[in-house]
Each structure stands twice: as structure tokens, then as C-alpha cells.
2 protein chains.
Amino acid sequence: MFSVPTKTQYGIRALVHLARMEGSSAASAEIAKAEGIPPKYLEGILGQLKTAGLVHSERGKNGGYRLARSASDLRMIEIVEALEGEVKPVGCLDDSAVCAQGDCCLPRIFWVGLKGAIDGYLESKTLLDVIES
Amino acid sequence: MFSVPTKTQYGIRALVHLARMEGSSAASAEIAKAEGIPPKYLEGILGQLKTAGLVHSERGKNGGYRLARSASDLRMIEIVEALEGEVKPVGCLDDSAVCAQGDCCLPRIFWVGLKGAIDGYLESKTLLDVIES
DNA sequence: GTATATTCCTACTAATTCCATGGGAATACG
DNA sequence: CGTATTCCCATGGAATTAGTAGGAATATAC
């Protein structure tokens, strides 16, 4: 239950790698080799992280990726949401009047609470915390 | 991210239904109709809940299901684990020495913490909490 | 003891999501 | 110009989830 997709695990490991570069950049293929991540797959993952503004990139020879911010300023929830979208245990989290009958939406508050517990943890941790743990 | 399978949502709604029966039993088909759950699918779900000891059942005419314990004594984590297994964000939660190289297992502590946050919430809530929320 | 309502068991299919892979265009450096 | 890199789009296989189907076993009521 609640297993984390490889995409997210790969993404975090890639960011850990970048955080250790101390400001200099690393190429996708280089990270992939060091971390044991399928190279082509990682390209896409880094693309998503770039779109979300978590990393910067430079093309061409000597190009590569680097963190957009310091590791202490990168919250884990940003990373997770960039790669997999918002934490959303069930579809009807917001809308309290979806179901006309039955107990369909009764557990809604319960799921909202679960989202709160998960979000709270992910917001409390930064990339630096992960590296130093 | 972290979406809850329909099986678990259905299972919880079925238990909510049973909790409201005040001790008397309800047939699977009856619950399915009232809650808008595919009948044959619900049969299997109730079977799992029975195997886990969360409900009791009686066969034959006038048979059906009832809660094995009072709603205030049924923790939500029991229900989730009965239907989907243990909360396990990543595979290598226990073994701290799985990965020989790379940053594969560095984030382990982070995932252990996430499991703790989720488990903590699910342990703190009972079926009665869900009904009364 | 027969009809009926129910759980219980096993297997199967359909749909969806996850996990990549492939080919090549655009860009930058030397 | 040659090479290393990001970037973009499409495709395919694997795994999981979701739901169906058929019928055996069991209990009740008449």
C-alpha cells in the first residue's frame, strides 16, 4: 500500500546527486550511470523537474543540470508534486456534495486528514534533511 | 499521488454500513445496492475482511455479515492492511544495507518517516471516527 | 426434501497505470 | 564541422487494478 513510483525514487536520487555537486552541473547520462537509473527514463524525469523549476539546465556540450535552489530550500513535497502531482487519496477530496446517496462521501473527512498527515510530513522535510539523514 | 484503490474505499464504506446496523447483519448484495458497489466485487472484499477477522459471516438464508467488534474498536489501519497489505512506500524499508553503491538507499530514513506519518494517522483513527466525522 | 437465499471459491477478462525505450531535432561548444 | 548534450514525441511491454462469471457449499423456511 502507498508504494512510491520508481519515477519519484529516481528523481529524488538524482536531486541528491545534484545537491552533492556543490553548484556545478552534471549531465543526465552521468547521473544515470552513477545512480543506476535507466538513462532515457531519467531524461524525462529531469525534464519534469525542470518544468517545475526545481532544476536549471544548459544544453550543448558541457551542458547539464544543477539545482535551482539550495538543498535546504527544496521541500520534498515540491519534488513529489512535480513528478506525480498533488497528494490525493480519493477523487472527491474537495467537493463535499458529490454523492447524492449512500455513504460514498462520508469518509471524505478521513481522507482529507490522511492527505494532511502526508503533506505535513513532506512539507517538513527538505532535500538537505534527506542527504543528512 | 498516493491514490487509494477502490477496493479499500469500497471496503470502508461497507464497514460503515455494517456499523450502522447496530449488531444485526446485512447481506453482501444488500450492502452493494445501498452503497453503489459492484456486487460480485464486494463479495471478494468482504471475504478479505472476514479472513482478517474484522467481520463475521453466516451462510445460508438470512445470512450476512456483521462487525466482529464495535466500530470504536476497529482501527483504520487494520482495515487498510487487511485489504492492501502493509504501508510500504519503498521496497527496502527494513534492510539498510541493500544497495552497495549509489544513493539508492540514502533516502531510506526519509521513507521510513513517511511510513510513520501514514501509519500514525491510520492508527489514530477508528471506524467510529469516520462515521462521526 | 425441495426451493431459495446466502456465503464462499476459483478462474478469467478488461482497463488502467507504470516503466521504460527509440529516434531524432535543437542547441551549444571548440 | 564534429561532438556532446538537452529536449520533444511517439511507441510498446509489464504490472497492477478493477470487475465478471459460474457454480459449489450451506443454512433456512415451508
Side-chain angles (χ1 to χ4, degrees), chain A residues 1-14 18 21 24-68 80 83-85 88-91, chain B residues 1-14 17-18 21 24-68 80 83-86 88-91:
Chain A
M1 183 72 167
F2 292 125
S3 70
V4 174
T6 61
K7 182 195 277 189
T8 300
Q9 299 183 44
Y10 289 160
I12 290 171
R13 278 159 55 193
L18 287 179
M21 303 290 298
S24 62
S25 71
S28 176
E30 170 191 337
I31 301 170
K33 189 174 181 186
E35 301 290 339
I37 301 170
K40 269 297 199 179
Y41 196 26
L42 181 58
E43 272 187 24
I45 293 169
L46 288 168
Q48 279 187 261
L49 293 172
K50 177 189 167 65
T51 301
L54 303 186
V55 301
H56 291 152
S57 68
E58 279 168 30
R59 281 152 81 124
K61 203 164 183 175
N62 301 329
Y65 296 88
R66 59 192 163 78
L67 293 187
V80 167
L83 295 174
E84 307 289 342
K88 199 162 189 181
V90 297
Chain B
M1 184 70 170
F2 292 123
S3 70
V4 173
T6 61
K7 180 194 278 189
T8 301
Q9 298 183 45
Y10 290 160
I12 291 172
R13 278 158 54 194
H17 188 97
L18 288 179
M21 303 290 298
S24 63
S25 71
S28 176
E30 170 191 336
I31 301 171
K33 189 175 181 185
E35 301 290 340
I37 300 170
K40 270 298 198 179
Y41 196 25
L42 181 57
E43 271 188 25
I45 294 168
L46 287 168
Q48 278 188 260
L49 293 172
K50 176 188 167 66
T51 300
L54 304 186
V55 300
H56 290 152
S57 68
E58 278 167 31
R59 283 152 79 126
K61 201 163 183 178
N62 300 328
Y65 297 88
R66 59 192 164 77
L67 293 188
V80 166
L83 295 173
E84 308 288 344
E86 192 182 0
K88 199 163 188 180
V90 297

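So you know, we letter chains A, B, ... as the sequences are listed, proteins then strands, and number each from 1.
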- Item | Span of DNA chain D in contact with chain A (heavy atoms, under 4.0 Å) | dA4(D) to dC8(D)

- With respect to the phosphate group of dC18(C), does any side-chain polar atom (N or O) of Tyr41(A) fall under 4.0 Å of OP1 or OP2? no

- Item | Pro38(A) or Ala27(B), whichever maps to the more 5' nucleotide of DNA chain C | Ala27(B)

What's touching nucleotides 26-30 of chain C from the protein side, N or O pairs under 3.5 Å?
from    : atom 1 : to       : atom 2 : distance (Å)
dA26(C) : N3     : Arg59(A) : NH2    : 3.2
dT27(C) : O4'    : Arg59(A) : NE     : 3.2
dT27(C) : O4'    : Arg59(A) : NH2    : 3.1

- Message: Using a 3.5 Å distance criterion without hydrogens, assess whether the side chain of Glu43(B) forms a donor-acceptor pair with backbone atoms of Ser28(B).
- Response: no

- Message: Counting the atoms with a prime plus P, OP1 and OP2 as sugar-phosphate, which does Gly64(A) contact under 4.0 Å by heavy atoms, base, sugar-phosphate, or nothing?
- Response: sugar-phosphate

- Item | Ser25(B) vs Glu58(B) side-chain heavy atoms within contact, under 4.5 Å | no

- Kindly write out the residues that satisfy salt bridge (Lys or Arg N to Asp or Glu O under 4.0 Å) with Lys61(A), not counting sequence neighbours, or none if the list is empty. none

- Does some side-chain heavy atom of Leu42(B) sit less than 4.5 Å from a side-chain heavy atom of Glu35(B)? no

- Message: When you compare the side chain of Ile31(B) with that of Arg13(B), does any pair of heavy atoms fall below 4.5 Å?
- Response: no

- Message: So, OP1 or OP2 of dC8(C): does either fall under 4.0 Å of a side-chain N or O from Lys50(B)?
- Response: yes

- Would you say Ser57(B) reaches dT7(C)'s phosphate, i.e. side-chain N/O to OP1/OP2 under 4.0 Å? no

